[in-house]
Amino acid sequence: MKRAASPLLIAACAAVAWTQQPAPFDSVLGAMRAELLRNRDLSLPNQPPPYFIEYLTRVQSSFSVTATLGALVSRNRDTAVQPEIRVRAGDYDFDCAGESLAAAWPVSGGYDLLRRYLWLSTDAAYRSAVEALARKRAAPRTGAAGFSRAAPVSLIAPAAQDQVDSELWCERARGISALFAKYPEVKDSGVEVESRWGSFTLVNSEGSEVRQPESASRLRIFAVAQAPDGMLVGDEATFLSSDIFHLPAEAETARAVNTVAANTIALANAPRAEEYSGPVLFEGMAGAQLFAEALSPALAGKPPEMQMGVRVLPAFFDVVDDPTQTEWRGRNLFGSYAVDREGVIPSPLRVIEKGVLKAQLTTRRSAAAGAASNGRSRLPGGGAGVSNLFVSASEVAPIAQLRKKLLALCAERGKPYGVIVRKMAFGRQSAPLLAYRIFADGREELVRGLASPNIDSRQLSHIVAAGDDPVFFEFSSGADAVVLAPSVLMDAVDLRPEQANVQQLPALPPPDLSKR
Amino acid sequence: MSEELSRSFRFLKENAVPAPSFLSYEVIQVDSRSISASLGALIRDKSGKTRWLDVAARVGSPALEADGQTPGAALTYEDTPAAIRHALWLETDRAYRAAAKRSTRVESGGAARVEDAAVSRYPAVRREIPPAPPEFDASSWMNTAIEVSARFREHPRILASRVDVTVDNVTRYLTNTEGTRLIHGRGFVGVRISAESRASDGEALRLAETFEAADSDGLRNKDELIAAADRIAADLTRLLDAPAAEPFTGPAIFSARAAGAFFHELLGRRLEAGRSKTAAGPPPFAVDGKVLPDFLSVAFDPTRRQAAGVELNGWYEYDDEGVKARRVVAVEHGVVRTLLRARSPLDGPDGSNGHGRKEPGMPVAARQSNLIVDAAGAVPEAKLRDMLIAETRRQHKPYGLFFRGVAGDRGALDAGIVYRVYPDGRPDELIRGVELAAPPAASLLGILAAGDRREALNLHSEGDSGSVPVSVVAPSILVSEIAVTRRPHTGAPPLLPPPPLSSLPGGRR
């Protein structure tokens, strides 16, 4: 139920400085309060006023820099304001919502502008909620959930402040990217550094008022090379942390460049992967990536849906989502938060017990009728998302034993080799970046060009063993989150070579980069 | 750049099959700053620097040649030789391979190029004069933007408004294997004032005015900008109460500014040679075809910097293929004499006439520059109005139309402020929601007369090669027949009155 607000207003609300000194008056909160109060009286002829109005405004500053071979390609610093407006018509048990979700507009000095924006967007959202409700009354679907009740909260914390020394990070990006010059086999390479900080502010007509800090930083190092048959291959290293000070220091990034370059060159010289159907060991980070990719969306209710009370993992697995923990054995947890984007305070949640789904992550909109939200509204647009997801196994084995078990399974099935995946390109198409054939004698061989195995929650029951080596994997797909999980051995995975990204080899030799 | 060009060209010539016949590198560097304000508050201040690399390659003999242009690549904006060399290498390889691939198609019976001249018909140009950055006092312009935008605080019926000030300094570096080495460019400074509201039936109404120049000296001063904001506010407020348009066909006057948009869309676009089949709109006119009445002639003159007191957007010294800008008489006494031409995508027998233009990252195409309309026997504006009334009577129409302005500045034919002109002496009546029903090119031949006062309109023209800055200098015109409809609309005016504005100037509290 989105209705576009005025294009000019959106554009108007397009760059700079709430970065000035924090004024005693919070113009964002002030504008939201003032319009919320006025818009309670919103009413179309013969229609009741909205029973619920919510304004959520993110104010986010960002800094980003990209560099290749010692030179900056782009550098940006910006502040964006992104208001979301939700108006609900009907009542808690039978209702419809109208939403107005703006594209982020960079803006400053915007008390008047934000009030106008909220005014016009609330109007549009109310109209669409009323229309939607009329349609819903005409054709009610059974079981259509309403909107769960929640106690008002008041939780005002200061916004995250700018901590980025731009010049320092530009210099670091130049320095890191320049290290690739000593690898002529690398065809393309680069470094991206990104940091964002700010807050989200929420007010609703139930009396909730929330302002919470938000911040995250990311450093990515990548390289691409070309195999003799023209296939483009690459490796990357990504580091995420809540603040820029916890990004890796120079020695670690230099090591990462060398590892990424060495892996990339090794991939270019590796044989092409073949089709493979059999046991696969997801080792180290790949294990945590597997849970991040296959389990976390399903816990938030995304298809394929998992049924409550049904076994989704082997019985030796327990899974807890705990946004309240901020640290684990001295490591800052990337997915922590105090209150969600609907103003609900979360608690730790044991989502899977002995392999059986016990709870799902819900929001006020997704909670079952009569149930309360468990405070997981985290994604842009209000959807549920995981926070700090702890995947633990009660039966574990050292990694060497998992490899042995992998080989045993292969022998049992007459497979000439097994496959170990050690890193995936995390995202929508998470193809294995580093995959190895392992032969009966324990010899390993890197292969290139595997497509994403598209593993979803249904395949997780194919896990047959877990390692004793839990690894963290931080990711940010909509919301900042981290998975702590062990290596896992799956007894049946289908791996296919990808539709290869093949280009002709260069007709021209590369230039000598040492020349000035 | 030149070193990498000769290294690549030499290597490919000696080692690659098919051998390249031509290589060209263009780097376009844009240093920009933009400032925006709304309701008396600064809402944006952003500066940026980008460099874009475009490589063009040709393979084969001049008689049977294929070209490859890369879609462009972001290049570091720092002068770091290793990174630049590396990017040039990758892009050269890409462009060369694209050309080589096309050449196999050309040889196997595809569209062969017709060309009799050697490449040398484009003399090498050597000129390295980087443009001086436009003088721009950012803090003074911030204050101006704030002050001008604050004018809309006095107009509660206007829902949204803003003032945008932009400065772009564009430097083009071009080098090719014919020996051309060119560094040139210019500045673009612009102020745009825009506002929007909704009529009582919900129709969204938008008005905007743009002022552009090569540097801020050429822009209007603050008082004139304030007057423009007040004019927009007043016009928009009057439009809110104006009756809605109805479908109508009949005579109309286009003011000089409105006529500019009319000529740009209906005439200029169809004088660009080699428009791709995928481009929107009809194909180019045929040379020797009659497209305008005898009393009108049209030239494109990219060497002209000013007209009617305005600095022109369509001015440049060299085009994006290093061909020197020159005046081209495109239509003489109503007959097409020549089209605008570029070296790409197909270099025809007559060669380029200096109109190969593009947005960074796009392939070059023949595009407009400064379109200048000359009218013989122009009549005073008052006489033009008398002629409209006579024509209205002759056609037995209840009224004629007067298009006073264009709503936007994006080049599209978007009717802005339109009046009904009654033959019985009633005052002119403002109407809203007018939509031009795609006037056929025949309406160009239906131009009955031109006024004696020309105005210059700066535009950013969208086309095959992206957005390029252009200008039109045209007189007002009387057209015998134009068809308009009521613009479809949805939406409703807001239920609540606008929120009160904060009391302190600048919108801060």
Side-chain angles (χ1 to χ4, degrees), chain A residues 6-9 11-17 23 25 27 30 34-35 38-39 41-44 67-76 78 105-113 115-116 118-120 123-124 126-127 174 177-178 181 187-188 504 506-516, chain B residues 3-4 7-8 11-12 15-16 34 36-46 48-51 74-90 92-93 96-97 100 153 159-162 194-196 204 206 491-492 494-496 498-502 506-509:
Chain A
S6 141
L8 188 58
L9 252 183
C13 303
V16 182
F25 176 78
S27 62
E35 278 311 292
R38 245 166 48 89
N39 278 280
D41 299 329
L42 201 57
S43 177
L44 278 164
T68 181
L69 293 169
L72 302 190
V73 178
S74 71
R75 168 185 178 162
N76 287 298
D78 215 344
W105 18 277
V107 87
S108 75
Y111 174 83
D112 289 329
L113 209 57
R115 279 195 74 171
R116 285 204 170 207
L118 294 171
W119 162 51
L120 293 173
D123 190 276
Y126 170 60
R127 287 170 194 276
R174 282 189 199 102
S177 69
K187 197 175 174 190
D188 197 5
Q504 269 180 304
L508 196 61
D512 177 3
L513 296 184
S514 60
K515 240 170 53 179
R516 293 291 303 174
Chain B
E3 271 176 46
E4 192 58 23
R7 177 187 84 94
S8 302
F11 182 91
L12 291 171
N15 298 287
S34 61
S36 303
S38 181
L39 298 172
L42 186 70
I43 57 169
R44 180 184 178 92
D45 175 12
K46 200 167 162 55
K49 194 169 187 176
T50 59
R51 259 189 202 164
L75 185 67
T76 174
Y77 58 80
E78 299 185 304
D79 295 325
T80 308
I84 294 174
R85 278 171 178 279
H86 190 80
L88 288 169
W89 166 55
L90 287 179
T92 306
D93 193 62
Y96 164 72
R97 279 193 281 104
R153 292 174 73 90
L159 299 181
S161 59
R162 61 183 286 169
S194 54
E196 71 176 61
R206 299 185 180 95
L495 294 164
L496 294 178
L501 293 168
S502 56
R508 295 182 205 101
R509 283 175 53 155

Check your understanding: By a 4.5 Å heavy-atom criterion (distance strictly below it), what part of Asn76(A) contacts chain B: side chain, backbone, both, or neither?
Key -> side chain
Practice item. State, to 0.1 Å, how close Pro500(B) and Asp112(A) come at their nearest heavy-atom pair, and which atoms those are. Key: O-OD1, 4.4 Å
**Study point:** Atom pair CG/CG of Leu495(B) and Asn39(A) - distance to nearest 0.5 Å
**Key:** 9.5 Å
Review point. What do the steps show when you test Leu496(B) against Leu42(A) for side chain to side chain contact (heavy atoms under 4.5 Å, CB included), and what is the final call?
Key: CA-CA 7 Å; Leu496(B) 294 178; Leu42(A) 201 57; 3.6 Å; yes
Review point. Does a side-chain heavy-atom distance below 4.5 Å link Leu508(A) with Arg7(B)?
Key: yes
Review point. By side-chain hydrogen bond (donor to acceptor under 3.5 Å, both in side chains), which residues pair with Glu78(B), not counting sequence neighbours?
Key: Arg174(A)
Practice item. Answer whether the closest heavy-atom distance between the side chains of Arg85(B) and Leu69(A) falls below 4.5 Å. Key: no
Exercise for review: Answer with side chain, backbone, both or neither: which region of Ser74(A) has an atom nearer than 4.5 Å to a non-hydrogen atom of chain B?
Suggested key: backbone
Practice item. Would you check if Arg115(A) and Pro498(B) make a side-chain contact, meaning some heavy-atom pair closer than 4.5 Å? Key: no
Check your understanding: Given a strict heavy-atom distance threshold of 4.5 Å, which part of Leu44(A) is in contact with chain B: side chain, backbone, both, or neither?
Key -> both
Check your understanding: Do you know the tightest heavy-atom contact between Ala160(B) and Arg116(A)?
Key -> N-NH1, 4.4 Å
**Study point:** Sequence-distant partners of Thr50(B), side-chain hydrogen bond (donor to acceptor under 3.5 Å, both in side chains), two or more places apart
**Key:** none
**Study point:** Closest contact, heavy atoms only, Asp78(A) versus Lys46(B)
**Key:** OD2-NZ, 3.4 Å
Exercise for review: Determine the minimum heavy-atom distance between His86(B) and Lys187(A), stating which atoms define it.
Suggested key: NE2-O, 2.6 Å
Check your understanding: Between Ala74(B) and Val73(A), which heavy-atom pair has the shortest distance, and what is it?
Key -> CB-CG1, 4.1 Å
Revision key, fill the gap. Taking every heavy atom of Leu120(A) against every heavy atom of Pro494(B), the minimum-distance pair comes out as CD2-CG, 3.7 Å
Review point. Can you tell me how far CG of Leu113(A) sits from CG of Leu501(B), rounded to the nearest 0.5 angstrom?
Key: 10.5 Å
Practice item. Give the member of Ala181(A), Pro510(A), Ala178(A), Gly70(A) that has the highest number of heavy-atom pairs under 4.5 Å with chain B. Key: Pro510(A)
Point to revise | Ala507(A) portion near chain B, given a 4.5 angstrom heavy-atom threshold | key: both
